[in-house]
2 protein chains.
Amino acid sequence: METSGSGDIVRTLHLLWDMGPRPSRGPKPGLSLDRIVEAAVRVADAEGLEAVSMRRLSTELGTGTMSLYRYVPGKGELLDLMLDRVQRTDDDPSAHGGDWRSALETLGRESLALYQRHPWLLKANQSRPVLGPSAIDGMEKVISRIRPMGLSDPELISAIIMIDSYVIGAARTQVHAQEAERRTGLTDTEFWAAQAPVLEKIMASGRYPVMASLSEDTFGPEFDHFEFGLQRILDGLATLVDSRGASAGDSGRRPGA
Amino acid sequence: METSGSGDIVRTLHLLWDMGPRPSRGPKPGLSLDRIVEAAVRVADAEGLEAVSMRRLSTELGTGTMSLYRYVPGKGELLDLMLDRVQRTDDDPSAHGGDWRSALETLGRESLALYQRHPWLLKANQSRPVLGPSAIDGMEKVISRIRPMGLSDPELISAIIMIDSYVIGAARTQVHAQEAERRTGLTDTEFWAAQAPVLEKIMASGRYPVMASLSEDTFGPEFDHFEFGLQRILDGLATLVDSRGASAGDSGRRPGA
DNA sequence: TCACTTCAGAGTACGGCGTACCCAGTTTCA
DNA sequence: TGAAACTGGGTACGCCGTACTCTGAAGTGA
């Protein structure tokens, strides 16, 4: 499956926000949702998302496989919970100062670090967005810091989506190298060396003059693609903010385009 | 599995570029790689990626399941081939005019349309990028059109990665609604109505003053988040291009940041 | 106190998946 | 005319998620 957001969204929300009545009869639970999610994240971090199975988690926790279903409706919902769990941040006082630009810069850099810590996120955070506590916490903080930009509410959301999307794409480019290494046992150099003969033959065919003429270091690790793109995006937002700068007020504006 | 780029990369490349010796002995193949890939794409388009299984494809093609393995090393490689197949574009003469900005604009819009035609791409194009003919074709065309920007080679690549990443993120936001509808049988309104009671309780808790104060239409469909973000990104690139405009030459520059 | 209700734990089983292995039949070459 | 090279495909293995069901523990109301 490996797809989050495929479970019952309402049940997921109840689990995420810890709602629903607690039973008073019956035996005490020997497990907890938290322990299951934590184990799942641990396994995913160590061995990748494909190692996370209900059977594996149950042996990890020393219980029967089906016992897990007392706590989680299914694997789809579990993935949603993993996603939110991993986005949880301690309240960081340094996150309150600064202008909107440094706020979004921090958002981008911290998101990238998150994907590097948990590469399986790149495979999991597809499909429907899940509105868990951590996600909304983060959203709340970021929005409050970038409100002074003077954009409309939809535009603020768009700005955040933009950063998020960009980070995912850039992270994928960065993470795929070390992922491939872990899974295939090849180092990055070996990996490219394996492809090189094929690719060189293709480039030598003359069908791709432009690509063949690119400089040697184009795809190398020297250039920091992430920072480059992040700054360009922030520049783009800056020109919009500047163009609005003349008039006063900071809410209720029309969408620009 | 549902993860592309997990197969043997070298074998994938050989398949993509139609290399490798043809056997001369033995019976003629009754199937072809193309037919398999095409069937896979057809099934994925119609019923989603989770409907694509080797058994399903074999019944679709009227063969035995294991016969497919005469043509494809495994399912991971098949996914790679599907990815490249679907990116294939007829040579479009209108793609040759215009400045760099309209080139990147077109790239973004066409990518978005691609994801809307094949929503399963959002679940498949994770992990390692695959350098197939279609991908390289597209790359060749785009690079040749944006070279006049006067950026360094790594910067050009970065610009393309930026657009691509952004489009994926935006497409996910757009596609998830119709995906959820198809799978759960709920319309978008019903879907949000189902979540609404939970979310409203959360918002009423007072823990998220900023988010609760966002205007009603913030998450509505009226605002075109995609175009907004795309224009901001292009603006950001424009400021960089302008700042380089003074000096001459158009290659071999230092990376900026 | 005791019957009853509610609940947790977990074994068994089903249908699906990817694919390793092997054999049968077909085509081409020496 | 073998022998070699190849395709087709059946069988089987070990995974997966999870529906169903039974056992026994914990709390409740009489």
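B:Asp137 has no carboxylate O lying under 4.0 Å from a charged side-chain N of B:Arg88, or vice versa, which leaves the two without a salt bridge.
When rounded to the nearest whole Å, the span between CG of B:Leu49 and P of C:dG18 equals 11 Å. Between B:Tyr69 atom OH and C:dC23 atom P there is a gap of 21 Å when expressed in whole angstrom units. We find that CG of A:Leu68 is positioned 14 Å from P of D:dA19, with the value rounded to whole Å. Rounded to whole Å, atom P of C:dG15 lies 14 Å from atom CZ of B:Arg55. Rounded to an integer number of Å, the gap from CG of B:Leu57 to P of C:dG16 is 16 Å. Rounded to whole Å, atom P of D:dG17 lies 13 Å from atom CD of A:Glu77. Distance A:Glu50 CD to D:dC16 C1': 13 Å, rounded to the nearest Å. Atom C1' of nucleotide D:dC15 and atom CE of B:Met54 are separated by 17 Å, given to the nearest angstrom.
Between B:Tyr208 and A:Trp17, the ring-plane angle classifies as perpendicular under the 30° and 60° cut-offs.
Along DNA chain C, the nucleotide nearest to A:Met66 and the one nearest to B:Gly74 differ in position, and the one closer to the 5' end is contacted by A:Met66.
Residues satisfying the salt bridge (Lys or Arg N to Asp or Glu O under 4.0 Å) test with A:Arg42, not counting sequence neighbours, are A:Glu38, A:Glu60. Judged as a side-chain contact (heavy atoms from CB on, under 4.5 Å), and not counting sequence neighbours, the contacts of A:Thr106 are A:Glu110. Every residue two or more places apart in sequence or in another chain that forms a side-chain hydrogen bond (donor to acceptor under 3.5 Å, both in side chains) with A:Arg109 is listed here: A:Glu105, A:Glu227. B:Ser58 is linked by a side-chain hydrogen bond (donor to acceptor under 3.5 Å, both in side chains) to B:Thr65, counting only residues two or more places apart in sequence or in another chain. In this structure B:Ser165 satisfies the side-chain hydrogen bond (donor to acceptor under 3.5 Å, both in side chains) test with no other residue, sequence neighbours excluded. For A:Met66, the side-chain contact (heavy atoms from CB on, under 4.5 Å) partners are A:Tyr69, not counting sequence neighbours. In this structure, A:Arg207 has no salt bridge (Lys or Arg N to Asp or Glu O under 4.0 Å) partners at least two apart in sequence or on a different chain.
Remark: nothing in residues 35-43 of chain A comes within less than 4.0 Å of DNA chain C through any heavy atom.
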All N/O contacts under 3.5 Å from nucleotides 6-8 of chain D to the protein, with atom names and distances to one decimal?
residue: D:dG8; atom: OP1; partner: B:Gly30; partner atom: N; Å: 2.6
residue: D:dG8; atom: OP1; partner: B:Tyr71; partner atom: OH; Å: 3.2
residue: D:dG8; atom: OP2; partner: B:Tyr71; partner atom: OH; Å: 2.7
residue: D:dG8; atom: N7; partner: B:Arg70; partner atom: NE; Å: 3.2
residue: D:dG8; atom: O6; partner: B:Arg70; partner atom: NH2; Å: 2.8

